[in-house]
Amino acid sequence: MKGSVSETIRSKIKAWYRKNRRDLPWRKTSDPYHIWVSEIILQQTRVSQGISHYLKFVSRFPDLKTLAAATEEDVLKTWQGMGYYTRARNLYKTAVLITNSYNGIFPGTPEELVKLPGIGSYTAAAIASIAYRYPVPTIDANVIRIIARLYGMQQDIHSVGLKKKIETLTMELLDQENPGEFNQAMMDFGSLQCTPGVPGCSSCPLNQYCKAHLTGMEDKIPMRKEKKKLQHRYFHYLVLTDHGHVWLHKRTGNDIWHSLYEFPLAEMPAGKQPDAESWYKATGISDIQPEKISKTYRHTLSHQMIHATFYQATIPPGNKQPGDELVRVPVQSIGTYPLPVLIARYLADSGTADYRQKG
DNA sequence: AACGCGGGGGC
DNA sequence: GCCCCAGCGTT
């Protein structure tokens, strides 16, 4: 609409973007594969953190075909250090699915895209608008922050009501000529100008339209519920070696680090030490006597803190081998398995530089 | 609607 | 320390 507030805000954001646009690797292309990979990486991940991972990922898997022909292990290994590993497993799943059932072509509408594993409403809108110029607004943390501040919305950031209002307003605000470019303008504006915490209101081209700023509420919007405080967990790892080999265990289930590898684990309550019975449960071997105990490593996740201690041991003479759930790997090959950062950190400290993650 | 899922960087 | 990030899937 000409002359409307939306029209004014849109043109000011576009002008701001022409001056302040970030030069990012995935902005050199409109290839759906590259847009998709970048959007998955950027889910809950800052651009500054995502860039190097993106370059590494597309260098290892330059196109959909290469990714689909890899193994899940390869993909997880390349993903190592990024967290939220379900993203990597879904990325692989979707690559195989598109190759086998979509003739190797990404769908071009949000309705179709959102059916794919790991693609929700935000990512579907991002791919459709950026790769296919489909007119749909992306609604991410940046956009929510901008709109909630502009209109002084005081609902919780995750409430359905807020989301609905923002959908309506961003549809109206969207630039129909080049929706993908405008969506990216909004996101740059959110992360560089309308920042969390203390935003740059004094230099903001929208400050005279922004209800949050005009009422001194910019540091209180958007609102979000208090987080639960984090849980503490105590992991005791058995580094069981013999003849240059060590045993690893692949994590499964509804827990952290799904599909990543670690040492046989005894998780104990606070203050309790593992005994021979604990190690038996973890390995199927009785009479294990650790010879050396590491310092305790603390590793913080968003929602829990891991306290990890590593116990070095060898298999007692004449004892049987561990059960099938453990894999026996040459010590120098540990680095080829996808590992939680905590484990990689211990390995680096324990003296073999090869264990260190490579950027 | 609520929860679980990583890791890093800014303050 | 605490906060939050180009969210998604499950329950």
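Protein chains get the first letters and strands the later ones, always in sequence-line order, with residue 1 at the start of each.
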* Map every base of DNA chain B to its dot-bracket character, where paired means a Watson-Crick or G-U wobble contact with both distances under 3.5 Å and | marks a partner outside the strand. => |||||.|||||

Flag for [Y]-[X]: side-chain donor and acceptor within less than 3.5 Å:
| X | Y | value |
| --- | --- | --- |
| Q193(A) | W16(A) | yes |
| H258(A) | Y85(A) | no |
| R87(A) | T45(A) | yes |
| Y261(A) | E73(A) | yes |
| T309(A) | T296(A) | yes |

Spacing of [X] atom [atom1] relative to [N] atom [atom2], expressed in whole Å:
| X | N | atom1 | atom2 | value |
| --- | --- | --- | --- | --- |
| L260(A) | dC5(B) | CG | P | 13 Å |
| L301(A) | dC4(C) | CG | P | 18 Å |
| L230(A) | dC3(B) | CG | P | 15 Å |
| I40(A) | dG7(C) | CD1 | C1' | 9 Å |
| R251(A) | dC5(B) | CZ | C1' | 12 Å |
| Y54(A) | dC5(C) | OH | C1' | 19 Å |
| I41(A) | dA6(C) | CD1 | P | 14 Å |
| D140(A) | dC8(C) | CG | P | 10 Å |

Is any side-chain N or O of [X] closer than 4.0 Å to OP1 or OP2 of [N]?
| X | N | result |
| --- | --- | --- |
| Y84(A) | dG4(B) | no |
| Q44(A) | dG7(C) | yes |
| K229(A) | dC2(C) | no |
| T123(A) | dC8(C) | yes |
| R87(A) | dA6(C) | no |

Looking across every strand, which nucleic acid part, if any, lies under 4.0 Å from [X] by heavy atom: base, sugar-phosphate, or nothing?
| X | result |
| --- | --- |
| H299(A) | sugar-phosphate |
| D255(A) | sugar-phosphate |
| V160(A) | sugar-phosphate |
| T138(A) | nothing |
| L24(A) | base |
| I119(A) | sugar-phosphate |
| W26(A) | base |

* Between D63(A) and T66(A), which heavy-atom pair has the shortest distance, and what is it? ->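 Of all heavy-atom pairs spanning D63(A) and T66(A), the closest is OD1-OG1, 2.5 Å.
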
* **Contact summary for V75(A) and A88(A), nearest pair of heavy atoms** =>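 Looks like CG1-O, 3.7 Å.
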
* Determine whether any donor atom in the side chain of T45(A) lies under 3.5 Å from an acceptor atom in the base of dG6(B), or the reverse, and answer yes or no. =>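 Counting by modelled atom types and ignoring angles, a donor-acceptor contact under 3.5 Å is found here.
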
* Are R27(A) and D188(A) ion-paired here, with the side-chain N under 4.0 Å from a carboxylate O? ->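 Salt bridge between R27(A) and D188(A), a charged N being under 4.0 Å from a carboxylate O: yes.
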
* Would you call R224(A)-D156(A) a salt bridge at under 4.0 Å N-O? ->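 Between D156(A) and R224(A) there is no salt bridge, as every charged N stays at least 4.0 Å from the carboxylate O atoms.
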
Expected rows: protein N/O vs nucleotides 9-11 of chain B N/O, under 3.5 Å:
none

Using the side-chain heavy atoms of [X], tell me which of these nucleotides is nearest: [options].
| X | options | result |
| --- | --- | --- |
| R145(A) | dA6(C), dG8(B), dC5(C) | dC5(C) |
| Y122(A) | dA2(B), dG7(C), dG6(B) | dG7(C) |
| R345(A) | dG8(B), dG7(B), dC4(C) | dG8(B) |
| Q43(A) | dC8(C), dC4(C), dG8(B) | dC8(C) |
| A141(A) | dG7(C), dC4(C), dG4(B) | dG7(C) |
| M187(A) | dG7(B), dG9(C), dA6(C) | dA6(C) |
| K225(A) | dA6(C), dA2(B), dG7(B) | dA2(B) |
| H303(A) | dC5(B), dC3(B), dG6(B) | dC5(B) |

Would you measure the distance from the [atom1] atom in [N] across to the matching atom in [M] and give it in whole Å?
| N | M | atom1 | value |
| --- | --- | --- | --- |
| dC8(C) | dG9(B) | C1' | 23 Å |
| dA6(C) | dC11(B) | P | 14 Å |
| dG8(B) | dG9(C) | C1' | 24 Å |

Aromatic ring pairing [X]/[Y], orientation class (parallel under 30°, perpendicular over 60°, tilted between):
| X | Y | value |
| --- | --- | --- |
| H299(A) | W257(A) | tilted |
| H232(A) | H307(A) | tilted |
| Y54(A) | H34(A) | perpendicular |

* To do: Would you kindly compare N254(A) and V47(A) by the position of their nearest DNA chain C nucleotide and give the one closer to the 5′ end?
  =>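 Its nearest nucleotide being more 5', the pick is V47(A).
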
* Could you say whether G161(A) or W257(A) is positioned toward the 5' end of DNA chain B, judged by the nucleotide with the nearest heavy atom to each? =>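 The 5'-side residue here is G161(A).
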
* 5′-ward residue of the pair H158(A)/R233(A) relative to DNA chain B ->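 On the 5' side of the pair lies H158(A).
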
* Asked: Any chance OH of Y280(A) has more than 12 other-residue heavy atoms, nucleotides or ligands included, within less than 6.0 Å?
  ->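 Open: at most 12 neighbouring heavy atoms sit under 6.0 Å from OH of Y280(A).
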
